[in-house]
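So the structure is just underneath, and the comments pick up after that.
In this chain, numbering begins with 1 at the start of the sequence shown. Atom set for the values below is all heavy atoms of this structure, side chains included, hydrogens, waters and symmetry mates excluded.
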Amino acid sequence: MAFAETFKALSDPARRQILELLREGALSAGEIASHFDMTGATISYHLKILKQADLVFESREKNFIYYQLNTSVLEEILLWVSGLKEGNKDAQSK
């Protein structure tokens, strides 16, 4: 996993809000866009960045594309951050 892409994707508040929306389940781009005051092109751009970072994936149903959280990448990030925290405890105890 490329952490640089992941953290770049997470650095934008709109993308973090998209991830929060997807926490409830799969949504189409239109459903996501209804929560923002942005153009469809801007929402598509944010979704593209999230897909490149493997934070979301898409599935097609008829004429719609639905976006879902990729929880495995989020779990990897949490494990990595948790490892940093544990390593810091070891350093402090010396």
(request) Show your reasoning for whether side chain to side chain contact (heavy atoms under 4.5 Å, CB included) applies to Trp80 and Glu75. (result) CA-CA 9 Å; Trp80 180 75; Glu75 288 169 358; over 6 Å; no
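- Here the closest non-hydrogen pair linking Tyr67 and Leu22 is O-CD2, 3.2 Å.
- Judged as a salt bridge (Lys or Arg N to Asp or Glu O under 4.0 Å), not a single pair has a partner in residues 31-48 (not counting sequence neighbours).
- From Leu50, atom CG reaches atom OG1 of Thr6 across 10.0 Å, with rounding to the nearest 0.5 Å.
- Between the side chain of Thr42 and the backbone N or O of Met38 there is no donor-acceptor pair closer than 3.5 Å.
- In this structure, Ile32 is a member of the same hydrophobic cluster as Leu19, with clusters built from ILVMFWY side-chain heavy atoms closer than 4.5 Å.
- Note: Ser28 OG to Glu61 CD = 10.5 Å, rounded to the nearest 0.5 Å.
- Taking all atoms of both residues into account, the shortest heavy-atom contact from Glu5 to Gln52 is OE1-O, 2.9 Å.
- A chain of hydrophobic side-chain contacts below 4.5 Å, direct or via other Ile, Leu, Val, Met, Phe, Trp or Tyr residues, connects Leu84 to Ile77.
- Within the 4.5 Å cutoff, side-chain heavy atoms of Leu21 are placed close to those of Phe36.
- The hydrophobic cluster containing Leu10 does not contain Tyr45, counting ILVMFWY residues as joined when their side-chain heavy atoms lie under 4.5 angstrom apart, directly or transitively.
- Side-chain atoms of Arg60 never come within 3.5 Å of backbone atoms of Ile65 as a donor-acceptor pair (strictly under, hydrogens ignored).
- Side-chain contact check for Asp12 versus His46: some heavy-atom pair is nearer than 4.5 Å.
- The nearest pair of heavy atoms linking His35 to Gln17 is O-NE2, 4.3 Å.
- For Ser59, the side-chain contact (heavy atoms from CB on, under 4.5 Å) partners at least two apart in sequence or on another chain are Tyr66, Gln68.
- Side-chain N or O atoms of Asn70 include one that pairs as donor or acceptor with a backbone N or O of Asp54 at under 3.5 Å.
- When all heavy atoms of Val56 and Leu47 are compared, the closest pair comes out as CG2-O, 4.2 Å.
- Shown here for Arg23 and Leu69, the closest heavy-atom pair between the two residues is CA-CD1, 3.6 Å.
- Counting all heavy atoms, side chain and backbone alike, Ala9 lies closest to Leu55 at CB-CD1, 3.8 Å.
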